[in-house]
Number of protein chains: 2
Amino acid sequence: MSAAGDSGAAPPAAVELIRSKRDGGELAPDAIGWVLAGHLARTVGDEQMAALLMAIVWRGMSPGELAAWTGAMVRSGDRLDLSGLDRPTVDKHSTGGVGDKVSLVLAPLVAACGAAVPQLSGRGLGHTGGTLDKLESIAGFRADLDRTEVLRVLDEVGCVICAAGPDLAPADRRLYALRDITGTVESIPLIASSIMSKKVAEGTAALLLDVKVGRGAFMADRDGARVLARTMIGLGRAYGLRTTALLTAMETPLGRAVGNAVEVEESLELLGGGGPLDLRGLVLAEATAMLELAGIAVDPAAALDDGRALATFRQMVRAQGGDPDAPVPVGKTLARVDAVRDGWIERLDARAVGIAAWRLGAGRARAGDPVSPTAGVWCRAKPGEPVRRGETVLELVGDDPARVPAALDALQSAVVIGTRPLPEPAPSLVLERVEA
Amino acid sequence: MSAAGDSGAAPPAAVELIRSKRDGGELAPDAIGWVLAGHLARTVGDEQMAALLMAIVWRGMSPGELAAWTGAMVRSGDRLDLSGLDRPTVDKHSTGGVGDKVSLVLAPLVAACGAAVPQLSGRGLGHTGGTLDKLESIAGFRADLDRTEVLRVLDEVGCVICAAGPDLAPADRRLYALRDITGTVESIPLIASSIMSKKVAEGTAALLLDVKVGRGAFMADRDGARVLARTMIGLGRAYGLRTTALLTAMETPLGRAVGNAVEVEESLELLGGGGPLDLRGLVLAEATAMLELAGIAVDPAAALDDGRALATFRQMVRAQGGDPDAPVPVGKTLARVDAVRDGWIERLDARAVGIAAWRLGAGRARAGDPVSPTAGVWCRAKPGEPVRRGETVLELVGDDPARVPAALDALQSAVVIGTRPLPEPAPSLVLERVEA
């Protein structure tokens with residue numbers, strides 16, 4: 001064995017960066033720019049980038065490295081110019097929750113209150129579903145818009161929810177696909193730079209982060225979620241983006257619907273002034289925070305109750321090619337999970353329900369897989385609610401009965417029924433606010 | 001961002017192994033066998049293996065994992081059967097030193113004393129040079145032998161020094177090339193399993209390890225070298241290989257010659273009963289340890305002094321296609337490093353001299369590069385020896401003057417001249433013996 005300890009006449013630069021990071025060193029901004037551009041151009045191989053990513057999972061990144069990494073991803077593509085809009089821009093990003101249809105209601109609500117909401121999203125991967133998949137269950141709705149269309153819809157409607165195009169932070173896109181297969185997703189600096197590079201490139205002036213905490217979320221504990229929130233807020237400041245974060249609970253699904261069309265159905269209830277109270281409370285808390293960031297002093301509740309948010313939603317759907325009057329597709333009831341005794345729901349596990357909906361076809365195992373619009377889970381009883389033995393707690397819907405056994409398997413210990421009501425009224429889902 | 005936290009219906013197995021190792025888990029033997037076989041068969045990609053390797057550099061391997069990893073590499077190819085030989089087999093492996101021509105003398109010496117020495121080596125990479133490159137500076141010498149030739153030369157001569165063929169531990173071969181470009185060479189379990197898998201596959205019954213310690217070696221400190229030695233001895237025991245290790249000093253080049261043909265020239269001096277005393281002492285210490293391992297009670301010094309070792313060396317060269325009477329190629333003197341004042345050499349840095357010889361062309365920066373037979377460095381003065389201002393300390397030889405500036409650059413602080421002789425006589429290069 002001969003260890004190539006020192007570099008010779010022609011040092012392979014990528015391996016030097018990897019070794020430096022592996023040994024706990026700090027990478028210079030130039031080196032970071034070079035390696036990310038090289039990876040995008042395929043002169044730095046996936047195997048070298050994978051090793052570097054694992055070294056970053058191990059060693060972390062300093063604030064300076066993180067800013068340089070994020071900046072290089074922004075510079076790898078275009079940056080939208082939203083300065084021509086006549087309203088203040090504010091966007092929202094969620095780290096991913098089960099039943100998280102908040103964006104479908106929030107974007108038109110905040111737009112109805114006077115802000116412009118440029119919501120450019122990635123596709124869902126994993127058990128938490130994706131906003132674009134949900135909207136695409138509406139007949140004709142197009143999530144893939146070109147830049148001209150994005151600006152036109154934003155200008156006309158005040159909000160747009162569409163796919164981040166291939167020209168926004170393409171280095172991040174390539175990196176994310178690699179991270180997914182190399183076990184390097186779970187790193188706070190890599191997550192923070194991935195999210196923030198796309199938001200900086202998207203051109204919004206302000207950003208609300210919804211950082212989910214709990215068993216159904218990527219971040220199981222609040223301390224980790226707070227570190228992630230602060231890291232993203234720091235990046236926001238470095239790139240001139242006013243950023244605030246809410247840490248919100250993700251122990252049980254949001255609302256009652258988990259899936260695609262079922263979540264559109266529930267969103268329409270909310271936009272009509274109704275819907276589950278946990279969800280309405282969260283939407284209003286997020287809307288208030290976004291309007292503050294945008295400098296607009298308006299109470300959003302009125303816009304939910306008087307139909308303005310619904311009108312904006314319908315206008316957005318129409319502007320993106322969808323038919324707001326088409327019936328939302330409905331799946332068959334494929335199976336039920338019933339209460340095994342009388343009592344009160346004590347726990348309904350978000351992660352288990354998310355995985356069940358995923359396995360029914362609502363989510364994808366691999367990028368590019370199709371999803372089923374009708375697949376999903378209805379939570380007919382939620383924590384704190386009374387049930388009688390034999391009553392339905394969960395209803396599995398969709399069109400493919402072959403997927404039911406795997407979905408039921410995920411739900412084996414998803415429901416816990418106690419003998420008494422919960423000791424206190426359900427607290428707000430907002431656990432904590434983190435600001436710059 | 002959506003974290004693919006749980007596996008869905010079709011879990012990608014490689015990523016689960018990576019995540020487990022990343023989080024400090026222990027891989028099952030089956031999983032290790034699966035991933036190494038998959039990598040060799042290219043169903044597990046280089047990017048996934050690179051991430052796994054970096055996770056191993058980070059987390060290490062348990063003794064059980066290490067044994068499984070090594071066994072899987074042995075099973076990935078063939079295993080030589082040396083049981084037909086009428087002598088006990090014993091081999092030696094060095095972790096790589098500067099000016100380390102020990103094998104050239106040791107293999108024929110131990111063979112001349114009655115053992116069979118099957119020295120199957122890898123090619124040099126980096127600043128420490130390679131035994132095969134040195135021997136190939138002899139006209140006609142072939143390091144690439146097929147299995148029949150290996151067995152024939154061993155049987156006829158008692159020793160063979162040749163390349164480990166592609167059918168010995170091919171999984172290690174593929175892994176080593178990947179480690180080289182992904183900054184994952186420097187890991188004790190990965191080094192130990194790489195070395196030991198090839199030695200187990202080679203079929204030797206006993207093995208002496210020369211683990212170099214010091215600035216010129218892969219292992220700079222003695223504690224790390226001892227851990228590496230013990231790890232390899234443990235693997236030897238697990239696979240029925242009697243193994244002993246010597247930790248030896250690598251602060252200054254061994255002998256006076258560093259390069260290819262220049263090291264053959266110095267080896268011939270040793271085989272003639274002369275040569276530098278540091279080198280002769282080390283060769284005799286290693287020969288004694290190997291003969292003990294082989295159960296042969298003979299003093300090797302006699303075989304050096306009476307010409308038997310030289311005769312065996314000439315026989316081996318001839319059996320491998322070389323002409324032992326052909327003159328060794330000689331390079332031009334390209335540059336000199338002279339003493340800047342009167343005094344005694346206090347330090348002559350092995351790593352700097354190794355890099356200089358490498359940059360002159362004696363070593364390769366990339367696998368498959370050609371090397372120059374004549375390039376090298378002669379150490380005209382060594383630590384403890386007196387010099388006068390203007391006298392040559394280092395003589396750079398070779399055929400390519402264009403390489404001289406880079407080589408001289410490496411030597412800028414390689415030589416330290418003190419005002420007094422060294423306080424004590426030079427100690428033995430053997431620092432410590434480590435046994436099972």
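Reminder, nothing fancy here: chain letters follow the sequence lines and each chain counts from 1. The figures that follow rest on heavy atoms only: side chains count, while hydrogens, waters and symmetry mates do not.
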J.: Who wins among A:M49, A:R59, A:M54 for the most heavy-atom pairs under 4.5 Å with chain B?
T.: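 That would be A:M54.
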J.: For B:N260 and B:E263, test the side chains for any donor-to-acceptor distance below 3.5 angstrom and give the result as yes or no.
T.: no
J.: Is it the backbone or the side chain of B:L178 that comes under 4.5 Å from a heavy atom of chain A, or both, or neither?
T.: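 Contact with chain A: side chain only.
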J.: Looking at chain B, which one of A:T184, A:I181, A:V57 has the largest number of heavy-atom pairs inside 4.5 Å, strictly under?
T.: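 The option with the most such pairs is A:I181.
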J.: What part of B:L53 is in contact with chain A, defined as an atom under 4.5 angstrom from a non-hydrogen atom: side chain, backbone, both or neither?
T.: neither
J.: Start with the C-alpha distance between B:D172 and B:R174, add both sets of side-chain angles, then the distance that settles salt bridge (Lys or Arg N to Asp or Glu O under 4.0 Å), and finish with yes or no.
T.: CA-CA 5 Å; B:D172 174 69; B:R174 217 166 117 57; over 6 Å; no
J.: Salt bridge check: are A:D23 and A:K21 linked by an N-O gap of less than 4.0 Å?
T.: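 No salt bridge links A:D23 with A:K21.
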J.: State, to 0.1 Å, how close B:K92 and B:K199 come at their nearest heavy-atom pair, and which atoms those are.
T.: O-NZ, 4.1 Å
J.: How close do A:R351 and A:R215 get, heavy atom to heavy atom, and via which atoms?
T.: NE-O, 2.8 Å
J.: Output the option from A:S20, A:G183, A:A410 having the highest count of non-hydrogen pairs under 4.5 Å with chain B.
T.: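 Counting heavy-atom pairs under 4.5 Å, the top option is A:G183.
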